[in-house]
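Have a look at the structure below, then the notes.
Values below: every heavy atom of this structure, side chains too, minus hydrogens, waters and symmetry copies. Numbered from 1 within each chain, the chains take letters A, B, ... in sequence-line order.
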There are 2 protein chains.
Amino acid sequence: MKKTLIEPRTLKGFRDYLPAAMIPREQLIETAKSVYRSYGFRPIDTPALEYTEILTGKGGEESDKQMFRFQQGDRDVAMRFDLTVPFARFAAQNINELGIPFKRYHVGTVWRGERPQKGRYREFMQCDFDTIGTTSNSADIETLFIIHDLMVKIGFTEFKIRINNRMILNGLLETLELQSQSTEILRALDKLPKLNPQAVIKEMQEQGGLTQQQAEKIISLTTVQGETADILNSLERQLSGSACGEKGVQYLREIFTATERAGIPGDRVVLDPSIARGLDYYTGTIYETFLDALPKIGSVCSGGRYDNLAELFTTQQLPGVGASLGLDRLLAAMQELNMLPDVSTPAPILVSQMDAAYTPEYLRLARELRLNGFNVEVYPDTKAIKKQFKYANRHGFKIVILAGTDEFEDQVWQVKELQTGTQTAVKEEELTEFVRGMLE
Amino acid sequence: MKKTLIEPRTLKGFRDYLPAAMIPREQLIETAKSVYRSYGFRPIDTPALEYTEILTGKGGEESDKQMFRFQQGDRDVAMRFDLTVPFARFAAQNINELGIPFKRYHVGTVWRGERPQKGRYREFMQCDFDTIGTTSNSADIETLFIIHDLMVKIGFTEFKIRINNRMILNGLLETLELQSQSTEILRALDKLPKLNPQAVIKEMQEQGGLTQQQAEKIISLTTVQGETADILNSLERQLSGSACGEKGVQYLREIFTATERAGIPGDRVVLDPSIARGLDYYTGTIYETFLDALPKIGSVCSGGRYDNLAELFTTQQLPGVGASLGLDRLLAAMQELNMLPDVSTPAPILVSQMDAAYTPEYLRLARELRLNGFNVEVYPDTKAIKKQFKYANRHGFKIVILAGTDEFEDQVWQVKELQTGTQTAVKEEELTEFVRGMLE
């Protein structure tokens, strides 16, 4: 009787990562971690599952609806939909043991039951870093440094980190006594990239009840342009008398001073008073990062300063600043910009097996190359050599090493460079240097 | 009105990883990945959630009961309880694109609703590697090499990899015409470490209906002791005439020949005809790894050869061999053996802030040290220096770098080694070399 097979398939909105996709993904994650670590950020992890009450109401109605939520025994549980809410819970629960200031990074999978569409998945990875327990602008400056160094280490040279400080707009609203209309004003300002300023002014008047003059002042503040120093001076003038607004300008000045002092190219950091990043969460510096070659894909690394991370879980005030790397967006961009090598193996060298009698020699040689720092695969079978070369080409190996009876008699290895097709007989004691030269 | 706080807590059987636990964990995972990659194994990932039908019935009744399973819309879904069943599904679904042979590693979280107990969690990480699509013993030999090199790279020198081949016992059962009683025989043999051979012989007679002579032959085969060569010869004699058994002995011989040829110390690889590793799954070579200092914690890296990975999902025969590193067990062992440094920061250097006027200088210096390869944290606030040193000691920093007005006037940095308490004034151009010397 023929057995019925189960159809091998993945859930809608979920995907397998094959090696060609997983290799650059792992590399990117490892690069991000190494930069975070270089700034003293510490790794943490939290469970995939939390009590539902921990997660609900934190990411808005949309997040609640999208949560993977179920009963486990008598417990109402849910899969985490981001790393921020678990971090708030984690900090409230462990802060006494951790001490402040506390710098952490967290790379982890999150789940959202969104309607699947092109490029959107129900399972994806987030890559966050935050400094909490300090209001020092020094942490804000380092957040900018990290974003910069991360982009460079990933391989980008042409990008812009756009920064602003929420205190600037808040300061103006304070001066104009418009704090209670801030939601409507922010909602209107969010449309600035799409609408013309006159339309945004009109919306602020209609939705927020602002006077023409009030709305114009806001537009004037958020659209000021020019050299960084000019923008800062202009903001300072417009905010004169607002303690909050002046502080915001001062913090921005400090960031630009420190950035210049540290030798970070000035054209990579742009002051943009129009960015706000959502309505409520951020209260100080905010960051967005755009690739010069692909600005349309949106920000690839964003974040900001907030006043209180964990107010729903503890009375302890935990101010902080942090950002998040958009992993999938970056990988898509790197793919589009041809920055990803077309390989499906982490090893550049394949040792071919020509003759089963010499298997121990092939295995020994491969291991010695590994001890010298190379990644080396041994083809497991002694199939036709043509088949082994096909395998090497298919997966993007750079070098094939082979030897049969003749070579063992002559005590040499044949080293074939796949791209050029050149083949050289090399003595074993010279093999490491020879291969190193080829791979460089 | 006082807001009601939500109690910050984790689910029973789940845990947060704080930095002191997460730092060695990340290091161990990265070490494992680097060894897998050095042998040409390719990274993959699969979703945390699968259709329940993919997962049920594969790990036995126990696994089915322990699955986190729920309805998602009209779909019956479950969280993966291991990486083997998802790999079988993955292979069946993608093998045409991947090609064979296919070597993969997979490091991922899995979930089991076990009754929580000391050291057992409902969420844990697995760390598997497999070669599929080949029956070549060459892949079995490399599996042993990988386990060996992995243990050494993690930092162990005193360990034993115990190997056997399931064809040996199968060969004897074939000769004795006892294949149909293999379950009862294996169940009895599993008790050999605890019971004396006479009791095991008795159980085989009672449960499997074996004659005294048959049971004695089995015990004789599985308990043969001595030098590796003597054991191999003895097995060969006892299995004379069984093609299957003789092949098993030949494969083991090849493993020992290649191991010796590759320069792997002979005392780390032990032939143990008594190990079987479960009843059904494995069909060829099997591996277990024990630490000399802590044999009682059980095997820290185990695996074996199997005939057909994905028979429930495809008609394509996919033989393979692989093993799995016991991450939590290894970390517990390393903790017990004092192999883990007592730090909660990935950075050995803390740059202290004495005077807010110099913040850009502290930040610049730290960044320059990073560009020279050091991990460096800057204390974000200009709090009392005593507090900053307390922070440095608490987290295990090795060096604190500081400077106030005097030092900036003299153009030096004070470098304090925390363990010895020695403090030295160093010119900036000499700082990198000085710090490198201190950390070596």
Side-chain angles (χ1 to χ4, degrees), chain A residues 5-6 8 10-11 14 16-19 22-23 26 37-38 40 42-49 51 53-54 68 70 72 77 89-90 92-94 99 101 109 123 131 134 136 138-139 141-142 145 257-258 261-262 312-313 344-347 359-360 363-364 367 370 375 377-378 380-381 394, chain B residues 5-6 8 10-11 14 16-19 22-23 26 37-38 40 42-49 51 53-54 68 70 72 77 89-90 92-94 99 101 109 123 131 134 136 138-139 141-142 145 257-258 261-262 312-313 344-347 359-360 363-364 367 370 375 377-378 380-381 394:
Chain A
L5 294 176
I6 301 163
T10 45
L11 285 159
F14 290 78
D16 287 327
Y17 290 99
L18 271 62
M22 196 65 188
I23 289 169
E26 273 203 339
R37 283 194 287 257
S38 79
R42 302 162 192 171
I44 68 158
D45 203 2
T46 66
L49 291 176
Y51 282 104
E53 62 169 19
I54 300 284
F68 287 100
F70 57 99
Q72 198 255 321
V77 304
R89 195 267 309 144
F90 173 97
Q93 195 170 335
N94 300 302
T109 308
E123 175 178 64
T131 305
T134 177
S136 166
S138 172
I141 298 169
E142 280 216 318
F145 283 15
T257 304
R261 190 74 191 102
L312 295 167
F313 304 110
S344 54
T345 171
T359 292
L363 296 175
R364 176 190 61 73
R367 190 161 173 273
R370 283 179 205 117
N375 289 354
E377 178 167 340
V378 179
D381 301 287
R394 174 178 186 165
Chain B
L5 293 176
I6 300 164
T10 46
L11 285 159
F14 289 78
D16 286 328
Y17 289 98
L18 272 61
M22 196 65 189
I23 289 169
E26 273 204 339
R37 282 195 286 257
S38 79
R42 302 162 193 170
I44 68 158
D45 203 2
T46 67
L49 291 176
Y51 281 103
E53 63 170 17
I54 299 284
F68 287 100
F70 57 99
Q72 197 255 322
V77 304
R89 195 266 309 143
F90 173 97
Q93 195 169 335
N94 300 301
T109 308
E123 175 178 65
T131 305
T134 176
S136 166
S138 172
I141 298 169
E142 280 215 318
F145 284 15
T257 304
R261 190 74 191 100
L312 297 166
F313 304 109
S344 53
T345 171
T359 291
L363 296 176
R364 176 191 59 75
R367 190 159 174 274
R370 284 180 204 116
N375 289 353
E377 178 167 341
V378 179
D381 300 287
R394 174 179 186 164

Exercise: identify the closest heavy-atom pair between B/Arg394 and A/Gly99: NH2-N, 3.5 Å

Among the listed options A/Pro360, A/Ala92, A/Ala48, A/Pro101, the residue most often paired with chain B at heavy-atom distances under 4.5 Å: A/Pro101

Heavy-atom check, side chain of A/Phe68 versus side chain of B/Leu49, under 4.5 Å: yes

Under 4.5 Å from any heavy atom of chain B - which part of A/Arg89: both

Shortest non-hydrogen separation from A/Phe90 to B/Tyr17 and the atoms involved: CE1-O, 3.8 Å

Close side-chain approach of A/Leu363 and B/Arg261, heavy atoms under 4.5 Å: no

Non-hydrogen atoms of A/Glu123 and B/Pro47 that approach each other most closely: OE1-CA, 3.1 Å

Where B/Pro346 and A/Arg42 come nearest, the two heavy atoms and their spacing: CD-CG, 3.7 Å

Structural part of B/Leu11 lying under 4.5 Å from a heavy atom of chain A: both

Shortest non-hydrogen contact between B/Pro380 and A/Ser136, atoms and distance: O-OG, 2.6 Å

Which of A/Ile141, A/Ile54, A/Leu18, A/Thr109 touches chain B most, by non-hydrogen pairs under 4.5 Å: A/Leu18

Test item: A/Pro43 and B/Ile23 side chains (from C-beta on) under 4.5 Å apart, heavy atoms: yes

Closest-packed option against chain B by number of heavy-atom pairs under 4.5 Å, given A/Phe313, A/Phe14, A/Phe145: A/Phe313

Chain A contact via B/Thr359 - side chain, backbone, both or neither, heavy atoms under 4.5 Å: side chain

Closest-packed option against chain B by number of heavy-atom pairs under 4.5 Å, given A/Ala262, A/Ser38, A/Ala258, A/Pro19: A/Ser38

B/Arg37, part contacting chain A, at a heavy-atom distance under 4.5 Å: both

Segment of B/Glu26 engaging chain A (4.5 angstrom heavy-atom cut-off): side chain

Side chain, backbone, both or neither of B/Val378 within contact of chain A (heavy atoms, under 4.5 Å): both

Closest approach of B/Glu53 to A/Ile6 (non-hydrogen atoms, all atoms of both residues): O-CD1, 3.7 Å

Residue among B/Thr257, B/Thr131, B/Thr46, B/Asn94 with most heavy-atom pairs under 4.5 Å to chain A: B/Asn94

